A.B. asks: 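Quick one: the structure is below, questions incoming.
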Number of protein chains: 2
Amino acid sequence: MRKHNNKKTVVNCTFSRYLIVMTSKSLNSWHEIQDEVLSRIQAGIWKPGTIIPTENDLAREFECSRATVSRALNALSADGLLDRRRKGGTKVNLNPVRKATLPIPVIREEVEGRGCTYRSLVIEKEKRKPSPAIRAQLSLDADCFVMHVKSLHMADNQPYAFEDRWVNLDVVPDFEQADLTKISANEWLLQNSGFSAGDVAFYALNAGQQEAENLGCREGEALFVLERITQVNGKAITFVRLFYRPGHRISTTL
Amino acid sequence: MRKHNNKKTVVNCTFSRYLIVMTSKSLNSWHEIQDEVLSRIQAGIWKPGTIIPTENDLAREFECSRATVSRALNALSADGLLDRRRKGGTKVNLNPVRKATLPIPVIREEVEGRGCTYRSLVIEKEKRKPSPAIRAQLSLDADCFVMHVKSLHMADNQPYAFEDRWVNLDVVPDFEQADLTKISANEWLLQNSGFSAGDVAFYALNAGQQEAENLGCREGEALFVLERITQVNGKAITFVRLFYRPGHRISTTL
DNA sequence: TTCTTTATTATGCGCAAGCATAATAATAAA
DNA sequence: TTTATTATTATGCTTGCGCATAATAAAGAA
């Protein structure tokens, strides 16, 4: 039992830890307050666009300190549900959910998460000069070398996604020697190039001949494509296009 | 200037607000600490999988209180960059970025954000009994009524996205009278049905006859589709499928 | 040796207090 | 009436303190 909880017990009634819980709105953790506020919003008690009571009022109601209320409201604000500003008070956001958090896949985990056996297959691995398009994407010089890797991610021996990747050998020269039969390029880079940031894009594309062959689908079928540029210390390290097999969907709960 | 900042100035040197900034690592806001920690991770000083110094050590280094360091680290933890546990310490997450935060569009804003003029067009609006598929999606009875609305979102008088929407009239009966020429179904629901939660999915689909006609593309072209079920108080209120014009992509920075 | 008990440690959490700051409202000066 | 000045207010942020808790390590008993 926590100190403040003890204090309350003493102040109010010798056995009243339970009484407090049952007879008042005393909420003593910021998690509980967060949940309570959330459910009031969802129940329509506090409607989108309106201002909810001040931290001090809530602190009084929940019988806790302002700091605790503040922490709960800040968490909801970070999630985009509340809009808080000095003097202005705390508003329920009008368009409460505008953000979806999508898992960016480490494909092996994605496949295994579906209960399938993962296997990856290197189709082609070639050291070459970058094409102009790739040079632009990775902002490279004309006379540097890149690694071009095509591979196939399999789930239970069925094609799951076809990968087309370019790796900047200036930044990760060791990649040339990487044994991609043991570990996928994705995971090799994760383990050998430290922290990464980058841009991701999703779009739909009609399968070309190459994609159709590798994924075992008809040409022209609509494929879900993930494109990603990864940077380390501001230098582009790899550009990937991931063509998922037809029917693939990604989903999330708001 | 803040109190603690004043204090430091006095303690160290009369004019040393700048000296402090330049000669020590004194960081006094949790934002600054967050940025510093982030850049150390990105610079590879603290590598993925390793444990970073304790709150107390960092507080000593940054010359601030443990609470402030804690707040910064908690924020990074909420973003999925750090993994924190009692006694275990604070670890840099191995797969540092597994989440992409995508904006879920209010299409008018999305279009206007591109500098285009938005217009929406109702193609069909019909009160009817739900099809079995829709009944399952919205978990409805067989004898209730739903509104089926097809509409087109235009950007600069070009088709931008084709919308196929089902609305549960049990939950929002007023929707039957909504004037969708003045306000899109999406925004009407946002304004009239309070807080909403739901599921979103993205996938690729070959354009059918209907989609091709409305978007002005060929049948079979790959379309990027967003599917969304919105709930209010746990009751499904609407099911939408949004077919974007060919070439549409959504992107985000990790 | 093995099992149990007892520190130790780093984060988790809450409180009270106080100053900082942005936005607004009230008031005074022009 | 308009403009500048001065409260007022609600959140933002930091501090110092102390207890709670989970995971581990060390010490002791079987």
Side-chain angles (χ1 to χ4, degrees), chain A residues 1-12 17 20-21 25-37 46 50-78 81-93, chain B residues 1-11 17 20 25-37 46 50-78 81-93:
Chain A
M1 218 198 269
R2 298 234 172 80
K3 178 198 173 190
H4 62 280
N5 227 336
N6 274 324
K7 261 159 95 185
K8 274 180 192 162
T9 305
V10 172
V11 167
N12 291 316
R17 187 158 80 97
I20 287 175
V21 170
K25 284 173 187 151
S26 171
L27 303 177
N28 15 7
S29 89
W30 70 272
H31 283 295
E32 289 173 305
I33 292 175
Q34 190 187 28
D35 290 348
E36 174 65 20
V37 170
W46 293 335
T50 64
I51 289 175
I52 73 172
T54 68
E55 290 184 343
N56 279 319
D57 288 346
L58 291 176
R60 242 188 309 279
E61 183 192 342
F62 296 143
E63 296 174 27
C64 66
S65 77
R66 179 168 84 91
T68 306
V69 173
S70 193
R71 180 161 192 180
L73 298 185
N74 279 331
L76 290 169
S77 166
L81 260 93
L82 297 177
D83 183 24
R84 319 191 71 207
R85 45 189 54 181
R86 284 175 175 146
K87 164 75 182 175
T90 301
K91 246 189 222 163
V92 181
N93 226 317
Chain B
M1 218 198 270
R2 297 235 173 76
K3 178 197 173 190
H4 63 280
N5 226 337
N6 273 324
K7 262 159 92 185
K8 274 178 192 165
T9 304
V10 172
V11 167
R17 188 157 81 97
I20 287 175
K25 283 172 188 153
S26 171
L27 304 177
N28 13 351
S29 88
W30 71 270
H31 282 294
E32 288 174 305
I33 293 175
Q34 190 188 26
D35 291 348
E36 175 64 21
V37 170
W46 293 336
T50 64
I51 289 175
I52 73 173
T54 68
E55 289 184 344
N56 279 320
D57 289 347
L58 291 176
R60 242 187 311 278
E61 182 192 341
F62 297 142
E63 296 173 26
C64 66
S65 75
R66 179 170 83 92
T68 305
V69 173
S70 192
R71 178 159 192 180
L73 298 185
N74 279 331
L76 290 169
S77 167
L81 261 95
L82 296 177
D83 184 22
R84 319 192 68 208
R85 44 190 54 181
R86 284 175 176 145
K87 165 73 183 176
T90 300
K91 244 187 222 161
V92 181
N93 227 318

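All values reported here derive from a predicted model rather than from experimental measurement. So that the names make sense, note that chain A is the first sequence line, chain B the second, and so on, each numbered from 1.
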A.B. asks: With a 3.5 angstrom cut-off on both distances, give the Watson-Crick or G-U wobble partner of C/dA29, or none if there isn't one.
C.D. replies: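 Per the H-bond distance test, D/dT2.
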A.B. asks: Could you check which of C/dG12, D/dG12, C/dA10 has an atom nearest any side-chain atom of B/R84?
C.D. replies: C/dG12
A.B. asks: From C-beta outward on A/T90, which listed nucleotide comes closest to its side chain: C/dG12, D/dT11, C/dC13?
C.D. replies: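 Minimum distance to the A/T90 side chain belongs to D/dT11.
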A.B. asks: Any side-chain N or O of A/H31 less than 4.0 Å from the OP1 or OP2 oxygen of C/dG12?
C.D. replies: no
A.B. asks: Atom CZ of A/R86 and atom P of D/dT11: how far apart are they, to the nearest Å?
C.D. replies: 12 Å
A.B. asks: Once you round to the nearest 0.5 Å, how far does NE2 of B/H31 lie from CZ of B/R71?
C.D. replies: 7.0 Å
A.B. asks: Ignoring the backbone of B/R66, work out which of C/dC15, C/dT24, D/dG18 is nearest its side chain.
C.D. replies: D/dG18
A.B. asks: Whole Å only: how far is the CD atom of A/E55 from the C1' atom of C/dG14?
C.D. replies: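 It is 15 Å, rounded to the nearest whole Å.
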A.B. asks: Which part of the nucleic acid does A/G88 contact within heavy-atom distance under 4.0 Å: base, sugar-phosphate only, or nothing?
C.D. replies: nothing
A.B. asks: Send over the distance from A/K91 NZ to C/dA22 P, rounded to a whole Å.
C.D. replies: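 These atoms are roughly 18 Å apart.
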A.B. asks: Where do A/I51 and A/G88 come nearest, in terms of heavy atoms and distance?
C.D. replies: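 Shortest heavy-atom contact: CD1-O, 3.6 Å.
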A.B. asks: Is there, by distance only and without an angle test, a donor paired with an acceptor across the side chain of A/R71 and the base of C/dG12 below 3.5 Å?
C.D. replies: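 Flag unset: no donor-acceptor pair detected.
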A.B. asks: The side chain of A/S29 is closest to which nucleotide in this list: D/dT15, C/dC13, C/dT21?
C.D. replies: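 It is C/dC13.
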A.B. asks: Return the value, rounded to whole Å, for the distance between atom CG of A/D83 and atom C1' of D/dT11.
C.D. replies: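 After rounding, the reported distance stands at 12 Å.
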A.B. asks: Are A/L81 and A/V37 close enough that some pair of their side-chain heavy atoms sits under 4.5 Å apart?
C.D. replies: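 Not in contact.
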A.B. asks: Closest-nucleotide mapping onto DNA chain C: is A/K87 or A/T68 further toward the 5' terminus? I mean the 5' end.
C.D. replies: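 Whichever sits nearer the 5' end wins; that is A/T68.
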A.B. asks: Between A/R60 (CZ) and C/dC15 (C1'), how many Å, whole number?
C.D. replies: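 Whole-Å distance recorded here is 16 Å.
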A.B. asks: Given atom CG of B/N74 and atom C1' of C/dC13, what is their separation to the nearest angstrom?
C.D. replies: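 Taking CG of B/N74 and C1' of C/dC13, I get 10 Å after rounding.
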A.B. asks: Determine the minimum heavy-atom distance between A/Q34 and A/A72, stating which atoms define it.
C.D. replies: N-CB, 3.7 Å
A.B. asks: Atom CG of B/N56 and atom C1' of C/dT11: how far apart are they, to the nearest Å?
C.D. replies: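 Distance check: B/N56 CG to C/dT11 C1' gives 10 Å.
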A.B. asks: If you find the nucleotide of DNA chain D closest to B/W30 and the one closest to A/R85, which residue's nucleotide is nearer the 5' end?
C.D. replies: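 Residue closer to the 5' terminus by nearest nucleotide: A/R85.
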A.B. asks: Out of curiosity, A/L73 CG to A/T54 OG1, how far, rounded to the nearest 0.5 Å?
C.D. replies: 10.0 Å
A.B. asks: Whole Å only: how far is the CD atom of B/E63 from the C1' atom of D/dG16?
C.D. replies: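 Taking atom C1' of D/dG16 as the reference, CD of B/E63 is at 17 Å.
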